[in-house]
Amino acid sequence: MEKDKIKSNQQHNHSKKNSADNNEHQNDHKNHQQTKQNHDHGNEHEHHDHTDHHRMMIKDFKRRFWISLIFTLPILALSPMVQDLFGFEFSFLGETDKYILFGLSSIVFFYGGWPFLKGIVDELKQKQPGMMTLIAVAITVAWGYSTATTFGLEGSSFFWELATLVDIMLLGHWIEMKSVLGASRSLEELVKLMPSEAHLLKNGNTVDVKLDELKEGDLVVVRPGEKIPVDGIITDGQSNVNESMVTGEAKPVKKEKNSKVIGGTINGNGSLTVEVEQVGENAYLNKVINMVRDAQSVKSRTQNLADKIAFWLTIIALSVGFATLAAWLLLGKEFSFAMERMATVMVITCPHALGLAVPLVVAISTSISAQRGLLIRNRTAFENSRKITMMVFDKTGTLTKGNFGVTRLGSFIDELDDNDILKYAGALESRSEHPLAMGIMNKVKESEIELPQVDNFNAITGKGIEGDVENKNVKVVSPGYLKDMKIDIPDNAYKNEAETVVFLLVDNTLAGFIAMSDEIREESFDAIKTLKENNIKCIMMTGDNEVVAKSVSDELQLDGYYAGLLPDQKLEKIKEFQQKGEFVAMTGDGINDAPALAIADVGIAVGSGTDVAAETADIILVNSNPQDITTLVLFGKATYRKMIQNFVWATGYNVVAIPLAAGVLYSSGILISPAMGAVFMSLSTIIVALNAQLLKRKMKVVGEEE
């Protein structure tokens, strides 16, 4: 790793980062709401519009499937091949039945097959022929050849093939889209919108206005506990601001006159007046959104496995089909015979089972993964998770809990235990507005400790607080106060430099200490261990400072870390790794992670994070549990193996069927009939469906191993 080389740059840029990154990131989060609203240059509800569009497509596939299926039943009953296969005779109007068959099949072709006919145009425009191309070629050949036989060409019609192929492909797409939407729908619960309004200070009064009505130089009031709506400079007031979503530093930062603040960060207990500096396209949020958009356009959109297989089957179908036609014509066979062989080859090449091979596996894997806390938004990324060689983690909120809270406490005298330390400190901190007080009070609440009355409460300027509790003089002070009073600090008070430690004095005797930091998630240790056992490098990239980053990296025994990084630096670092041949997964939860999540080969967002992160990620960890990442890798491998098995079953019979359909053994009297091809296809479809169900058992076993 280039750890040492970049550390100096990071430390050199850290102060600049704290203002720029904070500014930028808070704008990120603040405008995240606007991100949601303006994610694509002003579309206010793009996410919901996209979801609604997805639902409409599912309804469309469902409707086309059922209508096509209704028409398929009489098509099967009227098809001579099906009648021969099952040994029955059925007729509506005698000789005119073939025209009824043509009419019904044409409805299925144009109505049921429309998504595929439209899809081939889209795929060819993108120069990425795949599943839609294969299906469209097969049904077009089947309809065209069968129409020709209806109106005079010698040969047998493939209308039954056309109808059943359209039905199964519509069913497969419906199942797949429904399973993916089921996972995406849960994202809506993760979205926490930022404020859309600000308190504009005008002629001494405040007026609530929309953010897009603000301009540079305006003054806005930010009340205690509110999110700061803009990037700007404080002109009046002081407070402690939580900037963790921007910088990754969990400890609130003191802000006063002339301090810079970033939109999206959370104001503490003070009231602030902020002069607006950046609005609109210049705000940091919009800069990050543009970064994400650029990253997504650059990111290679690997075709999924089904499309890769379909591409080659299309090439084979066209090549072998035309070669068959040419060969039989050159051998002197009549045109009708050569055409029938070509059509048989091209129709048989598109196996019905291929339409179900992936959708069934996807439906099962997305369902089981969702139960395990993984929401799959990008199937290709899920398939590719088996290739991951490097896992890059954000720190705050991903490897750590993201809350600045009590991690350790202890007593230096026998008369007091840990609960007494919390009781005395909590009694004083309940009267304090210092950011550390919140962490201590949370611990008090968690420990269910009742707090005594405080008298004569007083702030010791810059050093701590004091008061009388249970007739004792109690102080909660900083290490600086102890040094001033020449009180020695026991060695066990400090564990690492990443902690902030305060001390408790009772009647001027050093009684105990409380250490606070952003605590590492317990699950992170096992997750890192499992990933490394699977030969996946584990790297941390954080906006937090060098001391904290090193402490977390050492404790988790990571392979390397990078501290003090801005969003664009995270993105560039991911690109560097990819250029060196790494297949990179990025896990993060904040706006500062969004560009990196977008450019990574597999982007994984923590469920407790921002919706900007979720929108740019391929997979969501609902439970914010790093250990679920190991489940992802193992599930991805299991799913991929099952897909490959299904493709073997779905296409394996082609190895035999295509040459026989082409007539390579015609001289020996062996020529596969379309009816025999139907038997082969039915068997492969049943096998694929049953094999996909076995994935449930396999993935549950994988989950239990985790």
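Taking CD1 of Ile574 as the reference point, atom CD1 of Ile539 lies at 10.0 Å (rounded to 0.5 Å). With rounding to the nearest 0.5 Å, the separation of OG in Ser385 from CZ in Phe635 is 11.0 Å. One finds the CG atom of Leu634 at 12.0 Å from the CD1 atom of Ile629 (value rounded to the nearest 0.5 Å). Put simply, CG on Leu556 and OH on Tyr561 are 13.0 Å apart, with the number rounded to the nearest 0.5 Å. Here Glu576 contributes atom CD and Gln569 contributes atom CD; the two are 10.5 Å apart, rounded to the nearest 0.5 Å. Between the CG atom of Asp526 and the OG1 atom of Thr530 there is a distance of 6.0 Å, given to the nearest 0.5 Å.
With sequence neighbours excluded, the residues that form a side-chain contact (heavy atoms from CB on, under 4.5 Å) with Met132 are Phe116, Glu123, His173.
Counting heavy atoms from C-beta outward, Leu621 and Ile604 have side chains that approach closer than 4.5 Å. Under the 4.5 Å side-chain criterion, counting only non-hydrogen atoms from C-beta, Glu277 is in contact with Lys260. Contact of the Lys532 side chain with the Gln557 side chain is registered, since non-hydrogen atoms from C-beta on lie closer than 4.5 Å. Side-chain contact between Met540 and Val552 is present, with at least one heavy-atom pair separated by less than 4.5 Å. Under the 4.5 Å side-chain criterion, counting only non-hydrogen atoms from C-beta, Ile536 is not in contact with Met390. Taking the side chain as every heavy atom from C-beta outward, Val633 and Arg386 never approach each other to under 4.5 Å. A 4.5 Å side-chain heavy-atom check between Ile58 and Trp174 finds at least one atom pair inside the cut-off. Residues Leu694 and Lys642 form a side-chain contact, since some pair of their non-hydrogen atoms from C-beta on lies under 4.5 Å apart.
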Lys254/Val241 under side chain to side chain contact (heavy atoms under 4.5 Å, CB included): CA gap, chis, key distance, verdict: CA-CA 6 Å; Lys254 185 178 181 181; Val241 176; over 6 Å; no
Carefully, step by step, assess Tyr640 and Asn384 under the rule side chain to side chain contact (heavy atoms under 4.5 Å, CB included). CA-CA 8 Å; Tyr640 180 76; Asn384 287 339; over 6 Å; no
- request: Decide side chain to side chain contact (heavy atoms under 4.5 Å, CB included) for Leu399 and Ile528; before the verdict, give the C-alpha distance in whole Å, the side-chain angles of both, and the deciding distance to 0.1 Å.
  value: CA-CA 10 Å; Leu399 291 173; Ile528 299 297; 4.3 Å; yes
- request: Evaluate the criterion side chain to side chain contact (heavy atoms under 4.5 Å, CB included) for residue pair Asn240 and Met438; output intermediate values, then yes/no.
  value: CA-CA 12 Å; Asn240 292 290; Met438 188 182 298; over 6 Å; no
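For the pair Cys538 and Leu531, the tightest heavy-atom approach, listed with the atom from each and the gap, is SG-CB, 3.8 Å. In terms of heavy atoms, Ile619 sits closest to Phe382 at CD1-CA, 4.2 Å. Nearest approach of Pro595 to Leu571, heavy atoms of both residues: CB-CD1, 3.5 Å. The nearest pair of heavy atoms linking Gly439 to Met516 is CA-CE, 3.6 Å. When all heavy atoms of Pro626 and Ser524 are compared, the pair lying nearest together is CG-OG, 3.5 Å. Across all their heavy atoms, Met541 and Val392 have their closest contact at CE-CG1, 3.4 Å.
With Thr389 contributing its side chain and Phe583 its backbone, the two residues share a donor-acceptor pair below 3.5 Å. Side-chain atoms of Arg521 come within 3.5 Å of backbone atoms of Thr398 as a donor-acceptor pair (strictly under, hydrogens ignored). Not one N or O on the side chain of Ser551 forms a donor-acceptor pair closer than 3.5 Å with the backbone of Val547. A donor-acceptor pair is defined here as one N or O able to donate and one able to accept, closer than 3.5 Å; such a pair exists between the side chain of Asp618 and the backbone of Gly603.
Comment: Asp601 does not engage Lys387 in a salt bridge, judged by the lack of any side-chain N to carboxylate O separation of less than 4.0 angstrom. Under a 4.0 Å N-O distance rule, the pair Asp518/Lys395 qualifies as a salt bridge.
Glu499 and Thr407 are linked by a side-chain donor-acceptor pair at a separation below 3.5 angstrom, with hydrogens and angles left out of the test.
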